[in-house]
Amino acid sequence: MKRTHTCGELRTSDIGTEACLQGWVRFSRDHGGVAFIDLADRYGITQVVFDPEDLSKDADAEALAETMRSFTRESAVSIRGTVRSRVEGTEDERNPTGDVEVLITSAELLGKSDVPPLEVGDQKEGVLPSEDIRMKYRYLDLRRTDMIRTLETRSRFMHFARQYLETQRFLEIETPILGRSTPEGARDYLVPSRVHPGTFYALAQSPQLFKQMLMVGGMDRYYQIARCFRDEDSRKDRQPEFTQLDMEMSFVDEKDIQDVIEGMLAHVWKGLYGKKLETPFRRISYKEAMWSYGSDKPDLRFGLRLNDVTDIAGKADYEIFRRIISKGGIILGIRIEAALAEKIGRNEVDRYIEHAKKVGLGGLTWMRARDGTLDSNIVKYFSPEVIGNLIGKLDIKDGDLLFLFAGPEKATQEGAGQVRLKLAEDLGLIPEGVFEFAWLVDCPLFETDPVSGRLTTFHHPFVKPRSSLDDDNVMGSSFDLVLNGSELGSGSVRINDPEMQRKAFSMLGMSADKIEKDFGFFLEALRYGAPPHGGIALGIDRLIAMITGKETIRDTIAFPKNKRAQSLFDDSPAKVDDDKLEELQILSLAMDDLDDL
RNA sequence: GCCCUGGUAGUGUAGCGGCCUAUCAUGAAGCCCUGUCGAGGCUUCGACCCGGAUUCAAAUUCCGGCCAGGGCGCCA
């Protein structure tokens, strides 16, 4: 028997035709005579009915009933029958196939299922098993409609992205996964070389150097759906291997790159949702993002902006503020309007103070607006003039609640930004289904590590500076794509001058030797007519998670790793046989029998 | 490496010193039922992560471990 339709296909127009369906037994309902099976596949669910009164004479009702008894939940089965209209009044309007059913005439068990350890059918309560159960039986978890829809969205997203890039003259080119380990960046996954004992490849952390060399090679416009590997601890939006939509273009500036991404996402949006995506995206400078949102990936779906009140509140006769100001610190304020502020009682304020301490702030100072002035336990230290200025600057009205944060610049911005996010969440200010894309621009080229005092890059060492590398606080040509408080990718124009590139490495503390050894091949490539070029890479797992409303990227990946970088479906990583290690001339310090050697 | 939360039948949960022979739902097995759609009814089955300690008494408290998730560090 060959299937004639999928389980999401049959409609009233098919009534009277013979159909063969193959799929999984989702639910079955035996009424003692008439019995129903909900047959499911990726495309939908169709009701199959066994009706002894309506069976044709030549059908062997007893044999058929026997076969159907073997149809345990989630077994793969094949059924044949006649499409007919449902009995009037029993149509299921929630289901596109709900007006018809297939009157079964023959059936075959294709793959019997043991009792499934998790429930595949959509549950009213929406309770999922724990993630380790879902991962161990991922093939069953994948049968759930939610997982099917998510992976469908991911596939269609990539389809439309490819479609757009092809029209924009991009070439899809693969780059090596096995490459050289380089000093900068994340910890590498290493792969031993059998042919050259004692040497190792590193799995690609990104195709950065290769795509730049493709530009030197005249490919002009490149893209790749690139798997990248970083051996760092996982988070809900980070795992050891992940997918980037990577691209690079020659003879372009920052805006050219941004235009391509905007055009591509608009094309994807139209394809996925039939909706227009508003472009161009808004631009927000790094500086503004930090001062107004306390984050370099601001969530722009709601207000609660931070305000710099250093000059005003710093004049208060308040010891804590005085001390902070004298050390060069800042004071930021968030105004919570009356309608929302009334939900925050004294106990809630205390919880925010606790939260502030958790996110690296000393605490927070609060005041409530009443009768045209500000009231709180510490208001006596604030002169009428300071209070008047605060009210004026933040446009404070009666009933409003004011939070003040004081401390060193960056820590205070980031801490206040964290409190802002928590406020928005608690107060329900984050709208569903809203996509606030933005470009974070005007980023510094370097940062100083607050612990070691060393110079580090804000993005990576290949970013072209906007002015001389020697300038104080030199700006880079790099920019981030931000969506709803999440960083989706960063791009830049690259350095295409070998001497400038060498100097950038050197400023990051790399010795001339090290530069030559690790990047000599790349610096040499820049000496043969390297065109000005730039590009960007988008984190696809994150992007899909955001547009499908998933908490974790693991829900957008068919076979993800867990928090401890293991996959429970194939139980990896795993030990290998000694002879394999021997062939690679590898001796592990973690080997059980090391003491015996 | 560190911090936080959790671990109870196949699955999701309640219980948080004695009322526990451990709740409820779902599931599974069996029986009944000819129009359901997470079918329904009846019966049955099935669990306190591991080790130690405290106590007359531990699922419950304490200590150590293991497992899962969230976070810090890390992630050019």
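Throughout, a chain's letter reflects where its sequence line sits, starting with A, and its residues are numbered from 1.
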ask   = Cut-off 3.5 Å, side chains only: do A:Y222 and A:D246 have a donor facing an acceptor?
value = yes
task = Using distance alone, with no hydrogens and no angle criterion, decide if A:Q205 and A:R187 have a side-chain donor and acceptor under 3.5 Å apart.
result = no
note = Nucleotide by nucleotide, nucleotides 28-36 of chain B touches protein heavy atoms under 4.0 Å in the pattern (B base, S sugar-phosphate only, - none) S----BBBB
task = Would you mind building the protein contact string for nucleotides 64-76 of chain B? One character per nucleotide, 5' to 3', B for base within reach (heavy atoms under 4.0 Å), S for sugar-phosphate only, - for untouched.
result = ---SSSBBBBBBB
Please measure how far the [atom1] atom in [N] lies from the corresponding atom in [M], and state the result in whole Å.
N     : M     : atom1 : value
B:G18 : B:C42 : P     : 32 Å
B:C16 : B:C49 : P     : 16 Å
B:U13 : B:G73 : C1'   : 35 Å
B:G70 : B:U23 : P     : 33 Å
B:U11 : B:C48 : P     : 12 Å
B:G27 : B:G10 : P     : 16 Å
B:C45 : B:C37 : P     : 29 Å
B:A47 : B:C66 : P     : 27 Å

query = Hey, which of A:H533, A:Q501, A:E248 is the one that makes side-chain hydrogen bond (donor to acceptor under 3.5 Å, both in side chains) with A:R494?
reply = A:E248
Tell me whether [X] is salt-bridged to [Y], with the criterion being a basic N under 4.0 Å from an acidic carboxylate O.
X      : Y      : result
A:K550 : A:D146 : yes
A:E232 : A:R238 : no
A:E131 : A:R134 : no

Rounding to a whole Å, what distance do you find between [X]:[atom1] and [N]:[atom2]?
X      : N     : atom1 : atom2 : answer
A:D141 : B:G12 : CG    : P     : 12 Å
A:I133 : B:C49 : CD1   : C1'   : 13 Å
A:Y137 : B:G27 : OH    : P     : 19 Å
A:E74  : B:G38 : CD    : P     : 15 Å
A:L128 : B:U26 : CG    : C1'   : 14 Å
A:N95  : B:G38 : CG    : P     : 10 Å
A:K136 : B:G10 : NZ    : C1'   : 11 Å

Residues which pass side chain to side chain donor-acceptor pair (under 3.5 Å) with [X], listed by chain and number, not counting sequence neighbours:
X      : result
A:Y293 : A:R305
A:S181 : A:D188
A:D41  : none
A:R466 : A:E254, A:D442

Short N/O separations, protein against nucleotides 42-47 of chain B, under 3.5 angstrom:
none

note = Across all chains, not counting sequence neighbours, the salt bridge (Lys or Arg N to Asp or Glu O under 4.0 Å) partners of A:R80 are none
message = Given a 3.5 Å cut-off on both pairing distances, which stems involving RNA chain B, each at least three consecutive Watson-Crick or G-U pairs, are present, if any?
response = B:1-7 with B:66-72, B:10-12 with B:24-26, B:27-32 with B:40-45, B:49-53 with B:61-65
ask   = Is there a side-chain contact between A:R42 and A:C7, using heavy atoms and a 4.5 Å cut-off?
value = no
query = Among all residues two or more places apart in sequence or in another chain, which pass the side chain to side chain contact (heavy atoms under 4.5 Å, CB included) test with A:R73?
reply = A:P116, A:E119
query = side chain to side chain contact (heavy atoms under 4.5 Å, CB included) with A:E66: which residues, sequence neighbours excluded?
reply = A:R69
task = Applying ring pair (Phe, Tyr, Trp, His ring centres under 6.0 Å), name anything that partners A:Y43, two or more places apart in sequence or on another chain.
result = none
